[in-house]
Amino acid sequence: HTHTHTHTHTRMPAMITIARMLYNNPYIRMYLARFDSDSDSVVLVAARHASPHSDDDTGEHSGNELITVPESNEDRQSPMTKDATTVYVWVAAAMAALGGILFGYDVGVISGALLQLKCDFDMSDNQQEWVISSMLVGAIIASFTGGFIIDFIGRRLAIIINSVIFVAGAAMLAAAPVYSVLIVGRLIVGFGVSLSAIGECIYISEISPPSKRGMLVSLNELGITMGFLLAYLINFVFVDVESGWRYMFALSAVPSAIQGLGMLKLPPSPRYLVLQNRDAEARTGLQTLRGTLDVGIELESIRSTLMTEQRTSVLMLFQSRHNMRYRMFIAVSLILLQQFTGQPNVLYYASTIFQQIGFSSDNSATRATLFLGATKVCATATALLFLDKGGRRKFLLLGAFGMMVAIGTLGIVLADVGVQKPVETLCSTSTANMTLVSINTGVNGTTQSPIAVVPEAVKYTSLIAILMFVVFYAIGFWASDMAGTE
């Protein structure tokens, strides 16, 4: 007992620091919410330790005694509330996870839309890049303000308003008469994409029981990949339709409207209600979500975590104490490195990339992206199923090595082909063993200049390499999000 007593007090300050840091920052809470463990209980333990004169019935009376608070709310719940996952919770999680589909759809749809946009608006390379990047500018704005928004107006209301933002952005993009309106529409959609990434994961985590939290939050992750697949499917359907890009953008309003209307019937986050001193409403909401009147212990746990937050600061992330600065460096490095791999650009420019490696027509290029989307869904689902069993670090190392091999293979097979980037692909002529890509020179109109000759073997080897690149990204760097929070 003496040994355990000493060991506990040696480790407790570090746990308090980590607990406070995690729950003071909404973005870190978003990643923490993916775990199956009850993250609230960690902060509950830290809160009890930080308040040594607590006179409740948890067993601790001074800072010098061993803390005996259970590590999981599940251990402290009555049989009625343990593992209580009602249909209400599943519906609420599914409604919020629609934002994941919107996220993936709005990121992926530009891949096929760009093939028509650059013709209809006579875009230069720089203008095409801004059509892609303007959404990221909107996302950056939301990343700085999103946490404050969802804490101020609430998770549920933020999701509802965000659905309106998505609909407004979709309408503006679909009806865009000029290039500038297109850019503004992409900015609006980008803001919505980033806000959804924050609000929905937090909402799902805060309405879910501890034992099902990881599974339910994973619905959002899976929704993102399904959104990519849906976007590529819509691209393929409308790529040969005149002004088909308008339909591609407009269709994103459908799931947005469904999500917004569905969230109107669902309860706010109990944690947010407690934060606003609306305890009676929080109790009612928890009773609805858990399907029982016995929610007192869980409600007390929520109050404890919020009390702990008030005594913390995000500046603790940058302190040398408990090696927090180094941990912060590792976490941020993992997030940045997954972007530097270039995998997001593969998703944005998928159709254009496939044209450059030999899938010359718009139809064949968008058809190839269907394989890309389906592969990404399967790889993500596999990672979700086996990540805990295989280990996050092992998945990260495997993914990074696989990406290196895949992108290296792509570079080698294309090195001697001499594929050049066409200014504009308008038509193609296929032969038995190669594809001739025709271009618009931008000066004298359409030509039939076969500037890119890609043998069939090289074309399909390149396709497989790109697919493997995406697979290993899903296996490795999806896991890095988890590893970064641990």
Side-chain angles (χ1 to χ4, degrees), residues 7 10-43 45-46 71 136 139-140 143-144 146-147 194 197-198 201-202 205 213-214 217-218 220-221 224 305 308-309 312-345 379-380 382-384 386-407 469-486:
H7 179 76
T10 301
R11 299 301 182 192
M12 192 59 66
M15 187 176 70
I16 295 173
T17 301
I18 296 172
R20 289 176 176 176
M21 174 270 291
L22 289 172
Y23 268 81
N24 194 58
N25 188 287
Y27 308 106
I28 296 175
R29 295 204 315 257
M30 177 183 72
Y31 286 108
L32 182 65
R34 294 173 179 173
F35 294 108
D36 282 321
S37 60
D38 178 15
S39 51
D40 285 351
S41 63
V42 178
V43 181
V45 176
E71 289 190 353
L136 302 179
I140 289 175
S143 70
F144 283 111
S194 183
I198 303 170
C201 283
I202 293 179
S205 70
R213 184 168 296 158
V217 174
S218 296
N220 190 268
E221 289 287 342
I224 292 174
T305 62
T308 304
E309 285 185 29
T312 61
S313 170
V314 73
L315 295 178
M316 298 179 72
L317 288 168
F318 305 98
Q319 294 178 353
S320 58
R321 186 182 180 187
H322 306 309
N323 213 20
M324 290 304 300
R325 188 180 302 158
Y326 180 66
R327 298 178 189 181
M328 180 68 172
F329 172 76
I330 292 176
V332 172
S333 296
L334 286 172
I335 299 300
L336 291 177
L337 286 172
Q338 68 169 288
Q339 301 301 313
F340 294 159
T341 61
Q343 194 267 355
N345 287 339
T380 301
T382 301
L384 286 171
F386 298 104
L387 188 62
D388 287 332
K389 296 180 180 179
R392 291 155 176 76
R393 183 175 179 273
K394 290 181 180 179
F395 269 65
L396 177 59
L397 293 174
L398 173 63
F401 179 76
M403 290 176 70
M404 180 185 70
V405 173
I407 203 68
F469 183 71
V470 171
V471 166
F472 284 110
Y473 177 90
I475 291 175
F477 279 90
W478 187 89
S480 75
D481 286 350
M482 298 289 197
T485 57
E486 293 185 324

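The figures here come from the full heavy-atom set of this structure, side chains too, leaving out hydrogens, waters and symmetry mates. Counting from 1, the numbers follow the sequence of the chain as shown.
For L398, the side-chain contact (heavy atoms from CB on, under 4.5 Å) criterion is met by F472, I475, not counting sequence neighbours. Partners of A379 according to the side-chain contact (heavy atoms from CB on, under 4.5 Å) rule, which considers only residues two or more places apart in sequence or in another chain, are V471, A474. Every residue two or more places apart in sequence or in another chain that forms a side-chain contact (heavy atoms from CB on, under 4.5 Å) with F401 is listed here: M404, V405.
Scanning both residues, Q339 and P344, for their nearest heavy atoms gives OE1-CG, 3.4 Å. Residues A406 and F469 share a closest heavy-atom pair of CB-N, 3.6 Å.
With a 4.5 Å cut-off on side-chain heavy atoms, T380 and I224 do not count as touching.
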